[in-house]
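In what follows, chains are A, B, ... by sequence order, proteins preceding strands, each numbered from 1. Computation of the quantities below employed the complete heavy-atom set of this structure, encompassing side-chain atoms and omitting hydrogens, waters and symmetry-equivalent molecules. If you're wondering where the values come from, they're calculated on a predicted model, not measured in any experiment.
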Amino acid sequence: MGNLTKKDLLVAAVGDVFRFEGVSMRYRLGPEVLHDISFALPAGSFHFLTGPSGAGKSSLMRLMYLAHRPYRGSIAMFGRDVSSLPRQELATFRRRIGVVFQDFRLLEHLTALENVALPLRISGAKEVQIRDQVAELLSWVGLGEQINAKPSTLSGGEQQRVAIARAVIARPQVLLADEPTGNVDGMIATRLMHLFEELNKIGTTIVVATHNEALLERFPHSRIRIENGVLVGPRDIFDTSAETVQS
Amino acid sequence: MGNLTKKDLLVAAVGDVFRFEGVSMRYRLGPEVLHDISFALPAGSFHFLTGPSGAGKSSLMRLMYLAHRPYRGSIAMFGRDVSSLPRQELATFRRRIGVVFQDFRLLEHLTALENVALPLRISGAKEVQIRDQVAELLSWVGLGEQINAKPSTLSGGEQQRVAIARAVIARPQVLLADEPTGNVDGMIATRLMHLFEELNKIGTTIVVATHNEALLERFPHSRIRIENGVLVGPRDIFDTSAETVQS
Amino acid sequence: MKKLSNGLPLGVDPVSRFLTLKVGLLVLLATLSLAVGMVMSSVAESLQRSLSGTLTVQVPAGLEQQSATESIIEILRATPNIRDVREIPDREINEALEPWLGAQAPILDLPLPALVDVAIESGQTVDIQVLTKKLSAVAPGTVVEEHSMWLGRLMDITNTVETVSMSVMLLVLISVVITVVFSTRTWMAVNREAVEVLHLIGAHDSYIAHQFQKHTFWLWSVGAAGGFALGTSFVLLIQFYIGRLSDSFLLDLTLGDIQWAALCLLPATAIIIVIATVGFTVKSVMRSFM
Amino acid sequence: MKKLSNGLPLGVDPVSRFLTLKVGLLVLLATLSLAVGMVMSSVAESLQRSLSGTLTVQVPAGLEQQSATESIIEILRATPNIRDVREIPDREINEALEPWLGAQAPILDLPLPALVDVAIESGQTVDIQVLTKKLSAVAPGTVVEEHSMWLGRLMDITNTVETVSMSVMLLVLISVVITVVFSTRTWMAVNREAVEVLHLIGAHDSYIAHQFQKHTFWLWSVGAAGGFALGTSFVLLIQFYIGRLSDSFLLDLTLGDIQWAALCLLPATAIIIVIATVGFTVKSVMRSFM
Ligand SMILES: Nc1ncnc2c1ncn2[C@@H]1O[C@H](COP(=O)(O)OP(=O)(O)OP(=O)(O)O)[C@@H](O)[C@H]1O
Ligand SMILES: Nc1ncnc2c1ncn2[C@@H]1O[C@H](COP(=O)(O)OP(=O)(O)OP(=O)(O)O)[C@@H](O)[C@H]1O
Ligand SMILES: [Mg+2]
Ligand SMILES: [Mg+2]
């Protein structure tokens, strides 16, 4: 136990960020799209979420960012059972999660700057502080010139980068990114992955859902594979009874 | 001239599908996003359109599917100068083009089936004929069970496949696909590329804008590269004074 | 099997239902104002015809009222420019006073003035002051009332009401057009995405316009039918009520056949205007697309 | 530097402007109906106070009208349960008749009945038929009119108008609530995307509700101020007009200080109701999100 990094300390303090036990999910009265999912993600880990189109990656993420309740099973976040949390606390938990939605979900009537600033505004930050911080991050993702552009006037890849900036601006403890590089070229994809790795180094738990095989090859993080609503892959990662495995 | 295929005949009959000469483009009063673009695409050819995010790929496609007028220069389609076409004929030309939009643009209030059926309805086809044809194509792209689902209840990759089905259902003479595989896994991507190649074999001119390097490697079609609004790459493809080059 | 949708989200949403209500209200207003306007127009005409150039002479009550009245009638008959002279019987006077003095007026046996109706030759006038002087010499206290002055006022009022009603109807039709333009444009702005996609896959402007016209037609037909039904019921009710109120009512406040026909044309006209406006609006918006 | 937006598309779009107009109309209606209701309430009260338990006795004209009247007054004074008896002077009678018979009534020298005002002890009644018989014996043709009956009718009308006005005001307030719930829900449905994103990045329900309340507050303040200003101007105008029409008008149709204060509370109350409704509506919609 010679060199404890900041990350090691965090992991020790927080334990598992997510712990799914026997979770199933369905949309309204539709069929189950996730079946009996159990796994645990330790704080500070980095995972790819893979699987064919329609397998349930985005649905799993919906459960993780508290947009949907499980049909069966239990989900614990930061050690607390999610289903027992009151509304007020759910909001507080959500602020600890940054999400890159597969379809971006930028607000059309806001500029890139305002979109990215939203998480800070919601937590009550002062306007002057926000502005510089947001502008800097936007330049970093290559949108320095487009901070005042509305999403509809941005290219697909530019919108995606705004969505990523919004997800990371508030330094969340968890980052969930759904296909975050589907619309950008290889160079930018690499740059964004480096950004995620930087965040991971300071303790952020990261889950990236992706189909991008080049990315999967170049960044050798742990993989969670989902097929037809069922988790498949090395047993150790998904065995919630055992100690959680790190990436 | 021994074995003339159907495709060869078509190319000979139609000539160039697109001929851009010194085309610039800008959005409203913004800066030019495309500069002095000249190229010609022969009928029945197959091209990848590549380039970094924000380079102008989607903008170039907007010009091609007649959603935007060039700021300077001239565009000819099927041998006719587009700027001189009356509105009625513009619509007729658009029906000869199938487009996969980068952001899908499915109509939210319609089912997958109705979305895909739109191009047929617009050209006045009978409802009974439409239904079977559309259902068959949707099964082919793996959405046989979701023909009556609204786009908002489909996964990202499923929506993308609906968008592709809508683009090809009316067997257009030209198919413009903007990042059509950004949300699907490698297997489906390959399947979709094979669909495009089938269409190409019966004479459809195809342009696919993509960042997907795996795709570019596996399918060795001609590449048009655009950087910062300017065409770059082998001179021969873009020299409109010479005879057009085939893929 | 359910029919396939044509591509635009033209359902019966709350906004549409609200519009139907509004349409109903507008058509109701138009129906009522047109009805009032037409009634007033015919009232003015009949007033003009039947009452122009009349005077009323009041002979005060007194011991010799009867003979004084007879002399006055003779004088009036001899006066130039007077076409007709008629004494109004007591019964008529009592009837006229009833609403004011109550049914007890005859019982009280009030010594009422005798009244004489005088018709003047059309186009001619009679000097009231000279006439009053002449008649007062026979029966002091005799008063000449100028019906035509009163009629003039009534005509003014009638004409004003007619003008106002017709203006209201015109305003209503104008606001129908404005409502249509406004709601169509709002709808197209809200559904710009869908409209643009249809446009880009090759729909003609008229395809889009036609869909919207069909939708609007139903929306408006229901609203207009409701408003019109309500409006005409109201008109009928009022006519019935007036009819019962007094058979001998001075003015004819009912609609003639031609006027009913005109009234029935109103909703049809409104819908034609609406459909034309929708088509025009959609196409003018579409021209902003390439 | 422009302020950063808070996240919801709450601009001054045409729909909002339309809503402001509607709000103005509702508040105008509420103001008018409250004013009418309050006036009617005080009219009913003063009617009750000043006119209850009165009779009017009409002694017909005739040679001995004067002495007959005097005898009748004496009889009346002797009748039990009668508090006060007063002969109405000719001047007052002529004034009262003027609107019916014109300024010429005194000139015509109509032999009018003498009128006697009778006040009954409060809480007591007098048998009209017995009284009429007794008086007719002295002066045949004498009529006893039951003012309280007429008053009863007037009271009925006044009470009806009051009830209707207050119901209208209540209905208006209810439709304010309905309008708010409806427009808020529509807006939230149209902007579900934006609301959902704010929710998912951790905005509290109250953050979203508060933004919408701020927006609605301005929208409604403008509308309510306009409608209220228009309404009170109208009330003032009518008061002024009535004031000029007749100083000696039977009923007092003006608003007292307390009533004006109540009127001024109306728009404030409306806005408070609106803000509360918006908050409640937004939060109840938000509860459909996890
Ligand atoms: N809102 C919804 N209502 C009903 N069904 C849904 C909804 N969203 C997704 N589904 C269905 O759930 C299944 C899983 O969808 P999900 O979006 O999780 O897939 P995915 O793994 O993210 O796929 P992709 O790689 O294409 O994005 C799909 O069959 C989809 O049709
Ligand atoms: N509607 C618009 N109004 C103004 N500027 C626009 C609009 N659409 C795109 N742009 C700008 O034009 C440039 C080119 O955009 P375009 O969408 O053509 O890029 P792209 O090559 O398709 O990028 P990507 O790979 O990210 O989709 C970008 O800088 C973008 O910000
Ligand atoms: Mg997905
Ligand atoms: Mg693009």
Side-chain angles (χ1 to χ4, degrees), chain A residues 61-70 75 82-83 85-101 103-111 113-131 134 147-148 150-151 163 166-167 169-170 172 176, chain D residues 1-19 183-219 276 278-290:
Chain A
M61 288 207 159
R62 284 178 73 83
L63 291 175
M64 302 213 281
Y65 56 73
L66 306 177
H68 212 279
R69 293 190 185 278
I75 299 176
V82 166
S83 63
L85 287 175
R87 280 185 77 73
Q88 285 288 327
E89 278 203 69
L90 278 180
T92 315
F93 270 54
R94 285 194 187 97
R95 291 187 194 175
R96 296 160 79 178
I97 310 173
V99 188
V100 183
F101 301 96
D103 51 357
F104 315 157
R105 303 221 191 169
L106 302 176
L107 303 195
E108 278 305 324
H109 61 289
L110 299 184
T111 63
L113 185 93
E114 287 170 334
N115 263 293
V116 175
L118 273 183
L120 298 177
R121 301 229 43 165
I122 279 175
S123 52
K126 291 252 165 57
E127 197 161 326
V128 257
Q129 294 164 7
I130 292 175
R131 207 178 278 268
V134 171
I147 56 170
N148 289 319
K150 294 278 167 74
R166 186 177 66 188
I169 188 74
L176 306 173
Chain D
M1 210 183 266
K2 217 178 112 263
K3 238 180 132 258
L4 292 179
S5 162
N6 266 335
L8 291 173
L10 296 165
V12 183
D13 47 294
V15 177
S16 303
R17 240 171 298 163
F18 178 72
L19 196 62
S183 64
T184 304
R185 282 185 162 271
T186 305
W187 183 93
M188 288 189 81
V190 170
N191 295 281
R192 191 183 167 87
E193 268 283 288
V195 170
E196 200 177 340
V197 169
L198 283 181
H199 175 69
L200 286 180
I201 63 179
H204 289 293
D205 297 352
S206 54
Y207 178 92
I208 294 166
H210 185 65
Q211 281 194 52
F212 201 77
Q213 281 170 327
K214 269 201 305 200
H215 173 66
T216 315
F217 177 76
W218 286 112
L219 220 67
V278 166
F280 184 80
T281 309
V282 171
K283 285 183 186 166
S284 89
V285 172
M286 288 314 294
R287 267 193 289 279
S288 71
F289 293 86
M290 174 184 165

(Q) Does any part of the side chain of H204(D), heavy atoms only, come nearer than 4.5 Å to the side chain of R87(A), both counted from C-beta? (A) no
Q: Measure across H109(A) and A194(D) and return the closest heavy-atom pair with its distance rounded to 0.1 Å.
A: CE1-CB, 4.5 Å
Q. Are I201(D) and L118(A) side-chain neighbours, meaning at least one heavy-atom pair lies under 4.5 Å?
A. yes
Q: Let me know if F93(A) has heavy atoms under 4.5 Å from chain D in its side chain, its backbone, both or neither.
A: neither
Q | Heavy-atom check, side chain of V82(A) versus side chain of M290(D), under 4.5 Å | A | yes
Q.
Can you tell me which portion of Q88(A) sits under 4.5 Å from chain D's heavy atoms? Options are side chain, backbone, both or neither.
A. both
Q: Give a yes or no on this: more than 12 heavy atoms of other residues, nucleotides or ligands lie within 6.0 Å of atom CZ of F289(D).
A: yes
(Q) Is L66(A) close to chain D through its backbone or its side chain, or both, or neither, when contacts mean heavy atoms under 4.5 Å? (A) both
Q. Crowded around H210(D) NE2? As in, over 12 foreign heavy atoms under 6.0 Å?
A. no
Q: Starting at CG of L200(D), measure out to CZ of R62(A) and round the result to the nearest 0.5 Å.
A: 7.5 Å
Q) Quick one: CD1 on I122(A) to CD1 on I208(D), what's the gap to the nearest 0.5 Å? A) 7.0 Å
